[in-house]
Amino acid sequence: MIRYGLKTSHHPQFERISKKHGDLPIAVEVDTTHLLEIHTDPFLLKAFLKAITIHCLIAVGKKYKLPTQTLELELEAVNAA
């Protein structure tokens, strides 16, 4: 879940893995001021949201000791663009 707020956090908040559904709820906050600055440029908005999502996936991978190399390379590509 991406929450709109007053700051951008690259460290998501984790909840417990659902025993019933097997999903892992996570949430991250993004600064609405920054979104207002980039919302008119679809490329910048997409890159920003993609980077936030990849940061969250990397955090999940590190928490559960999963490989994150591919995600880290993808994040570098997004940041370089």
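Predicted model, so just to flag it, every value in this text is computed and none were measured. FYI, the numbering just counts along the sequence from 1.
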(request) Using a 4.5 Å cut-off on heavy atoms from C-beta on, say whether the side chain of Glu15 contacts that of Met1. (result)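 No, their side chains stay 4.5 Å or more apart.
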(request) Check the hydrophobic clustering (I, L, V, M, F, W, Y; side-chain heavy atoms under 4.5 Å; chains of links allowed) and say if Tyr4 and Ile52 are grouped together. (result)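 Yes: a chain of side-chain contacts under 4.5 Å links Tyr4 to Ile52.
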Testing the basics here: between [X] and [Y], what is the closest heavy-atom pair and its distance to 0.1 Å?
X: Asn79; Y: Ala51; result: OD1-CB, 4.2 Å
X: Leu71; Y: Ile54; result: O-CG2, 3.4 Å
X: Val78; Y: Lys50; result: CG2-CD, 3.7 Å

Gap between atom [atom2] of [Y] and atom [atom1] of [X] - 0.5 Å precision:
X: Ile2; Y: Ile26; atom1: CD1; atom2: CD1; result: 9.5 Å
X: Lys63; Y: Lys65; atom1: NZ; atom2: NZ; result: 10.0 Å
X: Glu74; Y: Thr53; atom1: CD; atom2: OG1; result: 11.5 Å
X: Leu44; Y: Leu35; atom1: CG; atom2: CG; result: 11.5 Å
X: Leu73; Y: Thr68; atom1: CG; atom2: OG1; result: 9.5 Å
X: Ile58; Y: Gln69; atom1: CD1; atom2: CD; result: 10.0 Å

(message) Treating Glu29 as the side-chain partner and Leu6 as the backbone partner, does any N or O pair qualify as donor plus acceptor under 3.5 Å?
(response)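 Answer holds: yes.
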(request) May I ask you to check whether over 12 heavy atoms, not counting those of Phe43, lie within 6.0 Å of atom CZ? (result)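 No, because the 6.0 Å sphere around CZ of Phe43 holds 12 heavy atoms or fewer from other groups.
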